[in-house]
Amino acid sequence: MIIDDDVYVDTATTLYIGWISNLVMVNVCLSHKEDPDGIVSASLIKYAYPNTIVILADYSDLLERLEEAVRIEGLDHLFICDMGLSKANEERFFKVVEEASKRSRITYIDHHHLEESSKDRLRGYGVELIHSIAECTSILIYHNLLNENIPSRFALLAGLAAVIDEMGDREIAGMILKSYDKHFVEFEATLLAYAIYQNQHREEFLLTLVDRLVEDMPHAIDGVLESAKEYAQKITNNISVIENSARKDDGIVYIQALDLPASTVANMLLAMYKSTKVAIAYKQRGDKMVVSLRGSNLCKLHLGKLTNDVASELGGSGGGHEKASGAMLPKDSIDIFIERVKGFINSST
């Protein structure tokens with residue numbers, strides 16, 4: 001699970017739900033809002049199930065949004081996409097899912113690390129589990145839920161999500177992407193990612209993006225090019241700041257992010273410091289610290305599992321992919337977190 005960017009929730013989803021909940025039976029997709037994998041996952045579900053309500057969440061409000069979803073009158077089928085679980089939230093999550101499964105069908109689709117005991121519990125509640133760490137969530141949806149007769153553009157959309165999740169070289173994603181020009185793929189993937197990052201505070205924009213991706217490629221959607229340009233300028237403005245402020249220490253490099261999301265800064269650190277094992281960026285949000293980690297090929301541990309374990313011990317939550325993870329921590333525990341991650345990383349080599 002990756003906890004990276006600032007959060008803002010407006011009333012767009014609530015108003016939409018209030019309007020549509022008068023229908024007899026509805027499908028709902030709860031999906032990750034912070035990157036292309038979650039947004040594309042929601043678009044693919046909407047294509048397969050056109051009348052689906054989409055609720056977007058990040059990891060800090062996952063449980064609240066899940067509870068919101070299961071309260072929708074006439075809920076028939078709930079899709080939970082690209083959300084991941086951490087030790088800190090799983091018991092409350094399981095309680096909500098167990099109750100909802102008694103009256104609704106639930107499909108859980110994800111590629112983050114998931115304990116076998118958690119898988120067993122989900123299956124025990126009758127949840128349809130589509131899980132693999134080998135491919136991103138969008139690819140899992142495309143491969144498992146969509147039929148072969150859909151337009152090829154939807155395979156490409158899933159491939160774009162895989163590129164941003166650093167999983168474009170996996171078996172299924174790789175087969176899809178080899179049919180397209182590499183530069184076109186990178187262009188579309190970057191536009192989509194930057195537009196999402198730039199508009200994390202604008203849920204209405206993200207919900208509209210979910211709808212429009214059912215019909216168009218990123219470059220053709222209103223506001224995407226402009227948003228991507230604005231975000232690219234933010235990155236340009238911060239390059240020298242990151243170069244001058246990053247701290248290197250025994251295989252890791254870390255920095256407190258200011259104007260950019262922690263996820264972007266962590267990616268920049270990893271690119272700037274080729275010999276590092278793990279790059280860590282953190283950003284204060286209220287009394288919490290949002291942390292993002294990125295690992296190079298020199299990192300021999302699964303960062304998602306490591307982050308989940310360490311964050312939980314410090315009273316926070318976290319998780320993610322093998323080479324990319326994130327956490328939400330009490331703000332005064334960030335130094336301890338960095339030291340523990342550094343110790344585990346260096347003891348594994």
Donor-acceptor contact below 3.5 Å, side chain [X] vs main chain [Y]:
X: N89; Y: L85; answer: no
X: N27; Y: N51; answer: no
X: D61; Y: A57; answer: no
X: D211; Y: T208; answer: no
X: T190; Y: F187; answer: no
X: Q284; Y: G286; answer: yes
X: H131; Y: H112; answer: yes
X: Q200; Y: K33; answer: yes
X: S325; Y: T307; answer: no
X: D37; Y: T137; answer: yes

Report the C-alpha distance between L145 and I109 in whole Å, list the side-chain angles of each, state the deciding distance to 0.1 Å, and finish with yes or no for side chain to side chain contact (heavy atoms under 4.5 Å, CB included). CA-CA 10 Å; L145 294 183; I109 316 164; 3.6 Å; yes
Would you check if [X] and [Y] make a side-chain contact, meaning some heavy-atom pair closer than 4.5 Å?
X: L140; Y: S132; result: yes
X: E226; Y: Q198; result: no
X: I80; Y: V127; result: no
X: L191; Y: I221; result: no
X: H321; Y: E166; result: no
X: V96; Y: L63; result: no

If I compare all heavy atoms of [X] with all of [Y], which pair ends up nearest, and what's the gap?
X: I255; Y: I242; value: CD1-CA, 3.8 Å
X: P36; Y: Y197; value: CD-OH, 4.5 Å
X: S31; Y: M83; value: C-SD, 3.6 Å
X: R123; Y: L129; value: NH2-CD2, 3.7 Å
X: L270; Y: S296; value: CD1-N, 3.8 Å
X: D110; Y: D82; value: OD1-CA, 3.2 Å

[X] [atom1] to [Y] [atom2] distance, which is reported to the nearest 0.5 Å:
X: C29; Y: K46; atom1: SG; atom2: NZ; value: 9.5 Å
X: K95; Y: E98; atom1: NZ; atom2: CD; value: 9.5 Å
X: K288; Y: S317; atom1: NZ; atom2: OG; value: 8.0 Å
X: L44; Y: Y142; atom1: CG; atom2: OH; value: 10.0 Å
X: L122; Y: S101; atom1: CG; atom2: OG; value: 9.5 Å
X: R294; Y: M268; atom1: CZ; atom2: CE; value: 13.0 Å

Apply side chain to side chain contact (heavy atoms under 4.5 Å, CB included) to the pair E99 and V70, showing each step before the final yes or no. CA-CA 9 Å; E99 288 301 312; V70 302; over 6 Å; no
With a 4.5 Å cut-off on side-chain heavy-atom distances among I, L, V, M, F, W and Y, is there a chain of contacts connecting [X] to [Y]?
X: L258; Y: I338; value: no
X: I130; Y: V40; value: yes
X: L160; Y: M167; value: no
X: I133; Y: V163; value: no
X: L177; Y: M175; value: no

Check: Y231/T264 side-chain N/O donor and acceptor closer than 3.5 Å: yes
Examine the side chains of H111 and E135 and answer whether a donor and an acceptor come within less than 3.5 Å of each other.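 No, no side-chain donor-acceptor pair sits under 3.5 Å.
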Decide ring-ring contact (aromatic ring centres under 6.0 Å, His included) for F79 and Y49; before the verdict, give the C-alpha distance in whole Å, the side-chain angles of both, and the deciding distance to 0.1 Å. CA-CA 11 Å; F79 297 90; Y49 303 86; 4.9 Å; yes
Plane angle bin for Y47 and F154 - parallel if under 30°, tilted between 30 and 60°, otherwise perpendicular: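 Ring orientation of F154 relative to Y47: tilted.
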Crowded around [X] [atom1]? As in, over 12 foreign heavy atoms under 6.0 Å?
X: R247; atom1: CZ; result: no
X: D169; atom1: CG; result: yes
X: E91; atom1: CD; result: yes
X: M272; atom1: CE; result: yes
X: L146; atom1: CG; result: yes

Going by an N to O cut-off under 4.0 Å, is there a salt bridge joining [X] and [Y]?
X: D58; Y: R65; answer: no
X: E90; Y: R121; answer: no
X: E68; Y: R71; answer: no
X: K119; Y: E116; answer: yes

Step-by-step side chain to side chain contact (heavy atoms under 4.5 Å, CB included) determination, Y59 to M328: CA-CA 9 Å; Y59 300 109; M328 182 82 75; over 6 Å; no
My understanding is that only residues two or more places apart in sequence, or in another chain, count here; which of them pass ring-ring contact (aromatic ring centres under 6.0 Å, His included) with Y254? none
H143 meets the ring-ring contact (aromatic ring centres under 6.0 Å, His included) criterion, sequence neighbours left out, with none
Step-by-step salt bridge (charged side-chain N to carboxylate O under 4.0 Å, His left out) determination, E67 to R92: CA-CA 10 Å; E67 291 168 346; R92 183 176 164 194; 3.1 Å; yes
As a quick check of understanding, evaluate side chain to side chain contact (heavy atoms under 4.5 Å, CB included) for L78 and I72, giving each step before the final call. CA-CA 10 Å; L78 172 63; I72 294 176; over 6 Å; no
Apply side-chain hydrogen bond (donor to acceptor under 3.5 Å, both in side chains) to the pair D259 and N237, showing each step before the final yes or no. CA-CA 9 Å; D259 296 334; N237 295 342; over 6 Å; no
Among pairs that include at least one residue of residues 284-305, which meet ring-ring contact (aromatic ring centres under 6.0 Å, His included), considering only residues two or more places apart or in two chains?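 Of all non-adjacent pairs touching residues 284-305, those that pass ring-ring contact (aromatic ring centres under 6.0 Å, His included) are H113-H302.
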Exactly one candidate in T52, I45, T107, I106 meets side chain to side chain contact (heavy atoms under 4.5 Å, CB included) with H77; the answer is T107
